[in-house]
Number of protein chains: 4
Amino acid sequence: MRLKDEQKFEAIIRATLELTHEKGLAGIKMSELARKAGIATGSLYTYFEDKQDILLSVDREVRSRGAAYLMQASTDDEENYEGRVKTYVGQYADFVSANREAILFIDLLQRSPFMTERSYQDTVDQYRFTLELVEEGQNAGLVREGDPEEMVHVIDSIIKMLIDHRQTHLKGAYDEEVRNRCKEYVWAVLKK
Amino acid sequence: MRLKDEQKFEAIIRATLELTHEKGLAGIKMSELARKAGIATGSLYTYFEDKQDILLSVDREVRSRGAAYLMQASTDDEENYEGRVKTYVGQYADFVSANREAILFIDLLQRSPFMTERSYQDTVDQYRFTLELVEEGQNAGLVREGDPEEMVHVIDSIIKMLIDHRQTHLKGAYDEEVRNRCKEYVWAVLKK
Amino acid sequence: MRLKDEQKFEAIIRATLELTHEKGLAGIKMSELARKAGIATGSLYTYFEDKQDILLSVDREVRSRGAAYLMQASTDDEENYEGRVKTYVGQYADFVSANREAILFIDLLQRSPFMTERSYQDTVDQYRFTLELVEEGQNAGLVREGDPEEMVHVIDSIIKMLIDHRQTHLKGAYDEEVRNRCKEYVWAVLKK
Amino acid sequence: MRLKDEQKFEAIIRATLELTHEKGLAGIKMSELARKAGIATGSLYTYFEDKQDILLSVDREVRSRGAAYLMQASTDDEENYEGRVKTYVGQYADFVSANREAILFIDLLQRSPFMTERSYQDTVDQYRFTLELVEEGQNAGLVREGDPEEMVHVIDSIIKMLIDHRQTHLKGAYDEEVRNRCKEYVWAVLKK
DNA sequence: GATGAATGAGTATTCATTCAT
DNA sequence: CATGAATGAATACTCATTCAT
């Protein structure tokens with residue numbers, strides 16, 4: 001017999017993200033999803049309970065990959081705080097740029113009829129490292145006072161907006177310039 | 001589509017926004033929409049062509065109201081530029097807070113399959129005043145260099161994020177404190 | 001608008017019974033059911049929740065009609081007990097013969113995956129009159145001792161078997177002869 | 001279909017009967033059947049053509065076992081006819097009680113779409129002995145006149161109903177008391 | 001052979017739109 | 001015009017059967 005396949009799981013995730021990007025959440029049809037993933041419609045149900053299970057699973061997967069990426073992003077060898085923040089922002093911007101579909105997906109799912117009671121905690125976990133970085137800066141008197149969690153969200157939205165604006169409206173590619181503007185704007189918001 | 005009864009149109013808009021808030025765009029069913037608006041399902045088709053027509057009409061309406069609000073927002077009597085920016089941001093924050101559902105709706109519609117080729121121009125129109133304010137600051141050497149349009153989007157996303165974070169995650173009410181933080185963060189990003 | 005139609009409800013019941021007779025419970029397809037009832041597939045869902053709801057509703061309806069028939073069946077003017085029992089059995093046999101499809105349906109549904117927790121009570125209600133007749137006979141010393149409920153079931157099975165055997169295996173029509181045999185056999189079981 | 005492993009065939013029969021008892025014929029899924037029989041889904045197709053083949057095979061097997069049992073049931077040493085009938089009814093009641101699932105299965109299959117044109121003859125074969133017993137009684141003037149085949153069916157339904165009523169509705173165990181009632185009722189129907 | 005994942009035709013169900021009242 | 005029942009195409013999901021391992 002054929003073994004349940006990690007590659008198929010991966011293919012389904014990829015297909016879901018692509019389809020969401022192309023047609024929006026509501027536009028996802030199981031048959032199309034299967035075709036895009038290169039499997040039969042019925043096979044989707046070997047891997048997932050139903051449509052909602054696919055969407056929530058993709059959400060979970062994509063979030064955890066994001067968290068993993070941000071966790072591993074090293075900022076250690078930088079000497080000063082500002083430099084470390086900017087390095088981190090640069091890495092985060094790279095990640096956002098490379099994972100636009102995933103980020104769009106999470107965003108759309110959040111406000112969809114498929115999202116039932118997903119806890120806010122999930123999101124927080126994902127930002128733990130960023131949060132700690134902000135708190136460190138506040139403790140060192142280098143960062144503006146204020147709720148660090150809120151600040152993290154603001155930073156997040158700035159970076160996503162800059163990249164989205166560039167790619168969606170200006171049809172431009174993500175480049176060093178946008179990357180630098182991310183650093184600039186974020187640092188402007190943070191610094192005391 | 002011409003209107004036969006202004007009140008019904010209003011009810012349909014309100015119902016659309018509420019439903020979008022509750023279940024997301026994909027969760028809007030004509031029957032539910034009608035019920036929420038207090039009319040019969042079939043009557044929706046007296047006022048609108050089809051579902052897409054409703055969504056696009058609500059979008060148009062809500063956008064034009066937003067633009068009208070921002071247009072009318074006066075900043076004239078303030079003496080200095082920073083003060084005028086902050087006054088404006090405060091007013092904008094008030095508007096965002098008072099129209100969260102509408103803003104969510106626009107946001108979701110933007111990336112939905114219902115939105116066919118709505119031009120980016122619409123959005124620009126809406127931000128014309130903000131844009132001019134930023135450009136004025138740049139000309140006066142008070143505002144950081146950079147694409148003003150991009151800056152407007154960044155400002156916009158900061159304000160929306162601050163208010164959304166407060167209301168959604170902290171379940172807190174919009175108040176003077178959030179309003180002030182909007183001003184602070186925005187000015188931090190703008191100022192040279 | 002069109003009013004929800006009692007006739008359609010009736011048509012669906014009839015179609016369900018016919019289809020069950022023709023193809024068995026498992027052979028009922030919503031599309032075919034709708035066609036047989038002369039309505040659109042989707043309309044089934046105007047009248048019922050889902051397939052199971054149709055089956056359980058038909059069950060309920062058919063049972064209550066049976067109970068109503070047996071309730072109304074008069075035996076009053078007969079002078080002696082044996083005569084009254086035989087009159088009643090004759091009427092019941094007429095009913096069974098005229099409602100074979102309904103009886104088959106109830107029987108099949110009983111042991112189907114659609115039947116969840118239908119209580120035994122339903123069945124008892126339906127037999128109340130028969131039960132009282134048996135008890136009356138026992139009190140008068142005319143009927144054999146024993147659990148009256150059990151006796152009612154035995155009587156029921158005898159009548160159904162006689163009629164089914166005649167119609168199914170012998171392809172014969174229900175007639176006075178079978179009717180009389182019902183009376184004979186039942187009375188043989190009952191009499192002391 | 002030839003057998004490769006007698007034990008597996010036995011397991012499949014048992015699983016089929018259990019499943020039919022639990023969920024009815026329509027509720028039998030190949031995957032569940034396989035799980036219950038302790039083999040893989042695909043293996044079912046090593047032993048049988050398809051689903052219908054399983055059901056008909058189980059039917060055949062179960063019927064032949066029943067016939068074998070009734071054939072072997074001896075009534076020879078009883079002196080008088082009534083005693084022999086009662087002995088036989090007692091044995092038959094024992095058999096019915098011990099094979100409720102099989103009997104339900106046969107009953108349901110009979111009226112299902114799986115049963116194509118299984119001849120009525122099969123059933124007759126199975127009742128040959130009972131039939132002869134009744135005919136003997138009629139010839140001896142001890143049994144009521146009437147179609148012996150019909151009488152056999154009536155007897156059969158009485159016994160099954162008594163046992164089913166006891167076990168299903170009263171949750172009681174089959175015991176000497178029920179056994180005796182079977183004899184009583186049957187003899188009441190038969191005797192002239 | 002045995003296994004259970006893969007397949008896809010077949011079905012139940014949804015829901016935008018139409019239409020009789 | 002308003003109503004909400006009726007429609008049926010569109011879609012999610014099931015499950016007998018096949019087949020790669």
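Letters go in sequence order (proteins before strands), and every chain restarts at 1.
B/L55 is not listed as a side-chain neighbour of B/D59, based on a closest heavy-atom distance of 4.5 Å or more.
In this structure, B/R35 places its CZ atom 12 Å from P of E/dC15, rounding to the nearest Å. Rounded to an integer number of Å, the gap from B/I54 CD1 to E/dA16 C1' is 10 Å. Whole-Å rounding puts the D/L25 CG to F/dC15 P distance at 15 Å. As a whole-Å value, the separation of A/D53 CG from F/dA12 P is 15 Å. Across the protein-nucleic acid pair, C/Y47 atom OH and E/dT13 atom P stand 18 Å apart, rounded to whole Å. Rounded to whole Å, the distance from CD on C/E32 to P on F/dG8 is 17 Å. For B/Q7 and F/dA2, the CD to P distance is 13 Å, given to the nearest whole Å. Atom CD1 in D/I12 sits about 10 Å away from atom P in E/dA2, given to the nearest Å.
The partner of F/dA20, taking Watson-Crick or G-U wobble pairs whose two distances both stay under 3.5 Å, is E/dT3.
In the displayed structure, A/E10 atom CD is contacted under 6.0 Å by more than 12 heavy atoms of other residues, nucleotides or ligands. Heavy-atom neighbours of A/Q52 CD from other residues, nucleotides or ligands within 6.0 Å: above the threshold of 12.
Ionic pairing of B/R111 and B/D107 is present here: one or more N-O contacts between side-chain nitrogen and carboxylate oxygen are shorter than 4.0 angstrom. Using a cut-off of 4.0 Å between Lys/Arg side-chain N and Asp/Glu carboxylate O, A/K36 and A/E32 are scored as not salt-bridged.
Here the side chain of A/K51 pairs no donor or acceptor atom with the backbone of A/F114 at under 3.5 angstrom.
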Output one line per pair: protein atom, nucleotide atom from nucleotides 9-12 of chain E, and distance, for all N/O pairs under 3.5 Å.
{"residue": "E/dT11", "atom": "OP1", "partner": "C/K29", "partner atom": "NZ", "Å": "3.2"}
{"residue": "E/dA12", "atom": "OP1", "partner": "C/I28", "partner atom": "O", "Å": "3.2"}
{"residue": "E/dA12", "atom": "OP1", "partner": "C/K51", "partner atom": "NZ", "Å": "3.0"}
{"residue": "E/dA12", "atom": "OP2", "partner": "C/M30", "partner atom": "N", "Å": "2.9"}

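Taking 4.0 angstrom as the limit, D/K8 places none of its side-chain polar atoms (N or O) nearer than this to OP1 or OP2 of E/dG1. Taking side-chain N and O atoms only, A/S43 has a distance below 4.0 Å to OP1 or OP2 of E/dT7.
Summary of the strand contacts: D/I39 and A/T46 both lie near DNA chain E, and taking for each the nucleotide with the nearest heavy atom, the more 5' one is attributed to D/I39.
Nucleic acid contact for C/L44: none, since no nucleic acid atom lies under 4.0 Å from a heavy atom of the residue.
The CG atom of C/L109 lies 5.5 Å from the CG atom of C/L25; values are rounded to the nearest 0.5 Å.
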